[in-house]
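Treat the numbers as computed from the prediction; the structure is a model and nothing was measured. The residues of the chain are indexed from 1 along the displayed sequence.
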Amino acid sequence: MVNAIKGLFISCDVPMAQFIVNLNASMPASQKFILHMLDSTHMFVQPHVAEMIRSKIAEFRDQNSYEKPS
């Protein structure tokens with residue numbers, strides 16, 4: 001018997017994968033979204049968290065962007 005789980009495949013570099021893993025670890029147990037870590041740069045997550053991950057990454061990038069003072 002085959003078990004199939006619907007999910008989202010994420011491929012990224014190691015630092016971004018660690019960001020997503022830390023984001024997952026900061027969630028309560030009932031809201032953890034990583035289904036399986038395939039390797040250090042690939043993971044399988046629940047499909048409903050795609051937009052949340054995108055927004056957290058955008059927020060992280062905004063916080064770490066340098067803007068030259070005018």
Side-chain angles (χ1 to χ4, degrees):
M1 180 94 185
V2 175
N3 282 338
I5 299 173
K6 188 174 183 178
L8 179 70
F9 176 75
I10 296 178
S11 178
C12 56
D13 60 357
V14 174
M16 191 55 62
Q18 284 302 308
F19 176 77
I20 295 170
V21 167
N22 288 337
L23 181 62
N24 184 64
S26 71
M27 298 287 197
S30 63
Q31 295 180 353
K32 298 212 185 260
F33 54 85
I34 294 179
L35 298 173
H36 191 69
M37 285 297 297
L38 303 171
D39 61 24
S40 62
T41 60
H42 300 93
M43 63 188 78
F44 194 60
V45 302
Q46 295 178 359
H48 68 275
V49 298
E51 191 56 41
M52 186 269 297
I53 292 173
R54 283 189 191 105
S55 67
K56 293 288 188 182
I57 290 171
E59 182 181 312
F60 177 71
R61 286 184 178 158
D62 289 343
Q63 290 174 353
N64 290 308
S65 295
Y66 175 74
E67 293 181 18
K68 185 177 179 181
S70 44

Residues in side-chain contact (heavy atoms from CB on, under 4.5 Å) with M37, at least two apart?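 M37 satisfies side-chain contact (heavy atoms from CB on, under 4.5 Å) with V21, I34, M43 only.
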Contact list for residues 14-28, test side-chain hydrogen bond (donor to acceptor under 3.5 Å, both in side chains), sequence neighbours left out: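 Not a single pair qualifies under side-chain hydrogen bond (donor to acceptor under 3.5 Å, both in side chains).
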Show me the pairs that pass side-chain hydrogen bond (donor to acceptor under 3.5 Å, both in side chains) and involve residues 35-44, at least two apart or across chains.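 For residues 35-44: S11-H42, D39-T41, D39-H42.
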With rounding to the nearest 0.5 angstrom, report the [atom1] to [atom2] distance, [X] to [Y].
{"X": "L23", "Y": "F33", "atom1": "CG", "atom2": "CZ", "value": "4.0 Å"}
{"X": "I57", "Y": "C12", "atom1": "CD1", "atom2": "SG", "value": "7.0 Å"}
{"X": "I20", "Y": "K56", "atom1": "CD1", "atom2": "NZ", "value": "13.0 Å"}

Using the test salt bridge (Lys or Arg N to Asp or Glu O under 4.0 Å), find all partners of R54 that sit at least two apart in sequence or belong to another chain.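 R54 satisfies salt bridge (Lys or Arg N to Asp or Glu O under 4.0 Å) with E51 only.
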Looking only at heavy atoms, what is the nearest atom pair of A50 and L8, with distance?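 Scanning both residues completely, I find the closest heavy atoms to be CB-CD2, 3.6 Å.
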Heavy-atom closest pair, residues G7 and P47: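 Heavy atoms only, the tightest pair is CA-CD, 3.7 Å.
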Under the ring-ring contact (aromatic ring centres under 6.0 Å, His included) rule, what pairs show up with a residue in residues 43-62, not counting sequence neighbours?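 For residues 43-62: F19-F60.
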Please determine whether residues M16 and L35 belong to a single hydrophobic cluster, defined as Ile, Leu, Val, Met, Phe, Trp and Tyr linked transitively by side-chain heavy-atom distances below 4.5 Å.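 The answer is no; the residues belong to distinct hydrophobic clusters.
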Sort and list the pairs that fulfil salt bridge (charged side-chain N to carboxylate O under 4.0 Å, His left out) and have at least one residue in residues 11-30, not counting sequence neighbours.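 Checked against salt bridge (charged side-chain N to carboxylate O under 4.0 Å, His left out) - neighbours excluded - no pair reaches residues 11-30.
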Are Q31 and M52 close enough that some pair of their side-chain heavy atoms sits under 4.5 Å apart?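 Not in contact.
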